[in-house]
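Reading through the structure tokens given below for one structure.
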Amino acid sequence: MSDKSPLPRERRRTTKDLRPLPVLVRDLVEQVRRLIASELALFKAEMSAKAKDAGVGVGLLVGALVFVFFAFAVLVTAAVFAFALIVPPWLAALIVAGILLVLAGIAVLIGRVSLKKVPPIIPEETKASLGEDLRVLKRERA
């Protein structure tokens, strides 16, 4: 009786190299954890790259605002005084203000064009990778 196994010979051959259920569950949990971690890493990398692209346009807009500020601080008074030699002072102030607004408008237009070149913020690579993960999981389930 000690020579005989409780399982038939065919069953012993088919279950010989299989891992027990607790080991399989532990491996599954570990693989899901790694999958989620890698998807998050992909998301972070993709969003970081998109943020860098958007930073150029935002930087140009901030530069435009700085230019407007310093333009008002330094040039307005000098330009008004210069034009006041030719036209009445109130008209000189209006001319200088118009010129500064045109310069600010040009800087804003350049910044908007730069921001429009930035691809959509949607993380396309992460979205595609998650879709592939779902397809694989559905195929494994079937």
**Message:** If I compare all heavy atoms of A107 with all of A64, which pair ends up nearest, and what's the gap?
**Reply:** CB-CB, 3.2 Å
**Request:** Start with the C-alpha gap between F81 and L85, add the side-chain angles, then the distance that decides, and say whether side-chain contact (heavy atoms from CB on, under 4.5 Å) holds.
**Result:** CA-CA 7 Å; F81 285 151; L85 297 174; over 6 Å; no
**Item:** Closest non-hydrogen atom pair between L24 and R19, with its separation
**Value:** CD2-NH2, 3.4 Å
**Common cluster, L130/L42, ILVMFWY with side-chain heavy-atom separation under 4.5 Å** = no
**Request:** Measure the CG-CG distance between L65 and L60 for me, rounded to the nearest 0.5 Å.
**Result:** 11.0 Å
**Prompt:** Under 4.5 Å between side-chain heavy atoms, hopping through other hydrophobics if needed: is there a path connecting V108 to V68?
**Reply:** no
**Request:** For S114 and I110, indicate whether the former's side chain and the latter's backbone hold a donor-acceptor pair under 3.5 Å.
**Result:** no
**Prompt:** side-chain contact (heavy atoms from CB on, under 4.5 Å) between L35 and D133: does it pass, once the steps are laid out?
**Reply:** CA-CA 9 Å; L35 176 66; D133 293 343; 3.3 Å; yes
**Request:** Check step by step if side-chain contact (heavy atoms from CB on, under 4.5 Å) holds for K117 and V56.
**Result:** CA-CA 10 Å; K117 290 180 183 177; V56 172; over 6 Å; no
**Request:** Step by step, work out the salt bridge (Lys or Arg N to Asp or Glu O under 4.0 Å) result for R26 and E30.
**Result:** CA-CA 6 Å; R26 187 183 66 229; E30 177 63 24; over 6 Å; no
**Prompt:** With hydrophobic residues grouped by side-chain heavy-atom distances under 4.5 Å, do L101 and F69 end up in a single group?
**Reply:** no
**Item:** Student check: side-chain heavy atoms of F83 and L91 closer than 4.5 Å
**Value:** no
**Prompt:** Which heavy-atom pair separates A128 from R135 by the least distance, and what is that distance?
**Reply:** O-NH2, 4.4 Å
**Message:** Hydrophobic clustering (ILVMFWY, side-chain heavy atoms < 4.5 Å, transitive) - are I86 and W90 grouped together?
**Reply:** yes
**Message:** Is there a continuous path of hydrophobic side-chain contacts, each under 4.5 Å between heavy atoms, that joins L100 to L94?
**Reply:** yes
**Complete:** What one should report as the nearest heavy-atom pair of A84 and A92 is N-CB, 3.5 Å
**Request:** Please lay out, stage by stage, how L61 and L115 fare under the test side-chain contact (heavy atoms from CB on, under 4.5 Å).
**Result:** CA-CA 10 Å; L61 290 176; L115 281 177; 3.7 Å; yes
